[in-house]
Student: 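Here it is, the structure, as structure tokens.
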Number of protein chains: 2
Amino acid sequence: MKHCFQLHDRLWVSAGSRMRERSCNGGGGASRNSVIVLRVVPNVLTPFMKRHQVTIIDIARQLNLSKSTVSRALTGHASVKEETRQAVLTLARALDYQRNMLAINLSSSQSKTIGIIVPEFVTSFFPVVIMGAQEIADQAGYTVLICQSNESYETEVANARAMLANRVDGVLVSLTRETRNFDHLAVFQRKAIPLVFFNRICYDIDVPKVVVDDYEGAFKATEHLIQVGKRRIAHLAGPMSLYISRKRLEGYKDALRKHNLPIIDDLIISYDLNLDRAKIYVNYLLDLPEPPDALFAVNDPTALEALKIIKAQGLSVPDQIAVVGFSNDYGSSLIEPGLTTIAQPTRDIGRVAAQLLLEQIDSETTSWKPITRVLKTELIVRGSTVKP
Amino acid sequence: MKHCFQLHDRLWVSAGSRMRERSCNGGGGASRNSVIVLRVVPNVLTPFMKRHQVTIIDIARQLNLSKSTVSRALTGHASVKEETRQAVLTLARALDYQRNMLAINLSSSQSKTIGIIVPEFVTSFFPVVIMGAQEIADQAGYTVLICQSNESYETEVANARAMLANRVDGVLVSLTRETRNFDHLAVFQRKAIPLVFFNRICYDIDVPKVVVDDYEGAFKATEHLIQVGKRRIAHLAGPMSLYISRKRLEGYKDALRKHNLPIIDDLIISYDLNLDRAKIYVNYLLDLPEPPDALFAVNDPTALEALKIIKAQGLSVPDQIAVVGFSNDYGSSLIEPGLTTIAQPTRDIGRVAAQLLLEQIDSETTSWKPITRVLKTELIVRGSTVKP
DNA sequence: CTGTTAGCGCCTTCAG
DNA sequence: CTGAAGGCGCTAACAG
């Protein structure tokens, strides 16, 4: 109920800087007409006149009501005479009145806002996650505050602060590739502000997490390569500080073990996800005396980059070298040959994470449980591993 | 100065829902020690105890100071004894005190937030614009509130409302493909809240705009096709409600005119940017008795889609049909052959738009000028028009 | 049904 | 240098 209302009847009052001002008023007295009159009134309270958004007081004065009544009418309180409610609503519309969430939030001590901190949003993965989260948040009447850390720890810390300062009711976080210290996030826990990790999670903080089964995904990816006949499978892994990198590495190794293939350290490279470096490592692998006949990359951008280099070198894909990525990003169906990859239920990740967060927001702190929700992945086979 | 401060010293207080509570206090009396003590105190003011974030009052009590002094110390006011300032700062840190922007914004009547409304952010264009805008906003100490309309007019209206309700100090807007009514945006003007359009602009509202030279870009694209020998050039245009679609169409036509080529109506299709429809139209074009020998698409996603279909039909690119897009999206260098396209200074669009917005925010309403900043485009030639 | 009072957390005069 | 008081806009008791 309330949520619906908030979505549609939101009014706003944003205030301004130092600008001249047009203030509306109803001249105390007898004015009870429904014709709206705007008069220029000096704002005696401040030395500099400032922009003034219409408030419930403006409405109250013009209608000769108390602000409480106006407030009640606006919030859809039952105990307001239909007639006055209409009067208020009409005038409010005429004046372009918008509720001031700043004030509402301050007095209600909650912002009806959830924050999302992502490392980047240029590849399609995070935007889609965000859309999923937004979908759920919207339904519940929450606004979403998005911050991207630009893969920088510093920025992530600043973002966390901004979230705190803006009093978000909860936060969804996916770490940057360089985050190793989690104090800035532990704060949320200490302050009992719901926090949910997704994708790039951290196990040092005991809160709900939403991930895909990275281990199994990597396992499937690797096994697929083995099944198409590959034996020297390289793995371009992410930084070991990221849990998902470790899991994917494990899956990769276990798949090799299961099929009695050796784990060759030279074919395993952990890197910081900076694509410029990826190039270097791919070239290194290709130049090996005994180059790999397949590459499993920690994510699609990396795999795509590798594929480009491999093609540029004139190697045949998948014959000489096959490639598998992880995520099923936008580009993987565009490149040629298409990139075989592990699809994640991206939008669901956002949905589930938001759901978990809202559940926490709506419940007693004491009942919070650090559930980890593991979503399923799916192998998408394309030309980079199997000829059409 | 102040901006830097805001960025780094932002504190937060978000408040909670109905949860048990831990409140800190300094027991009025003699406690002036610097050892921080947290005591559980019942919150007598509310029937249900609620989560309580530490406020300047908590600090004031523990230090036996007035909240004014604490406030001054925290804001870096000169007139505070160095000693007390230190005490305050230290305790604040120890308590994890975070300023409550909600309160600050309310009393200062400005939110230090700028809103950005984009139609979508799954293709790489808008995310990059946003990053550019964020870069400028950050420098100026502004937070960015991002809303995406999902190409839906309804959602755009709701987003505009949300911006108003949250009292953003200004808004950056790029329209959805279906927006034809602009009342929801005119409100900003009426309320004297700075508004800047970018990319998908609207000329009905007299505010600053940031665009690329769509006309010239389209002209260059078309002329390029002519120069590589194409004569029957089709144009898959965007909806005519969008200014940029009209401009691109114009550029296309004028290029044909300049080179004395006929403008063939059958080869010009305006569509709603829904990629599913793009497929239909591309097929229609290819099935024409006299099919085009080139296609200029209104944007890269459309061109990419066309390229896929063309390839699937086994036509040779660029010999039988050449393709040009617009934007230089992420995917255009991935697809094979690479997509020739008109590159936009995407990040700059965001930067410039944010700059324009901040300028308006910082100036008198009366001095606002509806400047239109036109940025340059660049033709990027790839395999879709010229053989490597 | 409606008016009055108080308070959300902070900053900003106005007085010491 | 510091304290007291008032107000930002709104909602929530508490009286009529």
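Below, each value reflects all heavy atoms present in this structure, side chains not excepted, and no hydrogens, waters or symmetry copies. Naming convention: chains lettered A, B, ... in sequence-line order (proteins, then strands); numbering from 1 in each chain.
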Student: Is B/Gln86 atom CD crowded by more than 12 heavy atoms from other residues, nucleotides or ligands, each under 6.0 Å away?
Tutor: yes
Student: Whole angstroms only, please: what is the CD1-P distance between B/Ile57 and C/dG7?
Tutor: 11 Å
Student: Does B/Thr84 place a side-chain N or O at less than 4.0 Å from the phosphate oxygens OP1/OP2 of D/dT2?
Tutor: yes
Student: Does atom CD (B/Glu82) have a neighbourhood of more than 12 heavy atoms from anything else shown, all under 6.0 Å?
Tutor: yes
Student: Starting from C1' on C/dG3, measure out to CG on A/Leu63 and report it in whole angstrom.
Tutor: 15 Å
Student: Separation of B/Leu102 atom CG from C/dC11 atom P, in whole Å?
Tutor: 13 Å
Student: Using a cut-off of less than 4.0 Å, is there contact between a side-chain N or O of A/Ser66 and OP1 or OP2 of C/dG3?
Tutor: yes
Student: Between the base of D/dA12 and the side chain of A/Ser71, is there any donor-acceptor pair under 3.5 Å?
Tutor: no
Student: Provide, to the nearest angstrom, the distance between the NZ atom belonging to A/Lys112 and the P atom belonging to C/dC8.
Tutor: 21 Å
Student: Picking from D/dG3, C/dC10, D/dC14, which would you name as closest to the side chain of B/Ile104?
Tutor: C/dC10
Student: Side-chain N or O of B/Thr69 versus OP1/OP2 of D/dG3: is the shortest distance under 4.0 Å?
Tutor: yes
Student: So, taking the atom named CE in B/Met163 and the one named CG in B/Leu145, what distance separates them when rounded to the nearest 0.5 Å?
Tutor: 4.5 Å
Student: Take A/Leu356 and A/Glu359 through the test side-chain contact (heavy atoms from CB on, under 4.5 Å) and record every step on the way to the result.
Tutor: CA-CA 5 Å; A/Leu356 248 35; A/Glu359 278 167 25; 4.0 Å; yes
Student: Among the nucleotides C/dC8, C/dT2, D/dC1, which one has an atom lying closest to any side-chain atom of A/Leu106?
Tutor: C/dC8
Student: Go nucleotide by nucleotide along DNA chain D from the 5' end; which of B/Val80 and B/Ala103 gets its closest nucleotide reached first?
Tutor: B/Val80
Student: From CG of A/Asn166 over to C1' of C/dG9, roughly how many Å is that when rounded to an integer?
Tutor: 14 Å
Student: In whole angstrom, what separates A/Tyr97's OH from D/dG9's C1'?
Tutor: 7 Å
Student: Measure the distance from NE2 on B/His77 to P on C/dC11 and round it to the nearest whole Å.
Tutor: 9 Å
Student: Can you find an N or O donor on one side and an acceptor on the other, under 3.5 Å apart, linking the side chain of B/Ser68 with the base of D/dA4?
Tutor: yes
Student: Please find the pair of heavy atoms, one from B/Val88 and one from B/Ile59, that lie closest to each other, and give the distance.
Tutor: CG1-CG2, 4.3 Å
Student: Name the closest nucleotide to the A/Ile56 side chain, picking from D/dG3, D/dC1, D/dT11.
Tutor: D/dT11
Student: Check every atom of D/dG9, C/dC11, C/dG3 against the side chain of B/Ser107 and return the nucleotide holding the closest atom.
Tutor: C/dC11
Student: In whole Å, what is the span from the CG atom of B/Leu74 to the C1' atom of C/dT12?
Tutor: 15 Å
Student: Go through D/dT2, D/dT11, D/dG9 for me and flag the one nearest to the A/Lys67 side chain.
Tutor: D/dT11
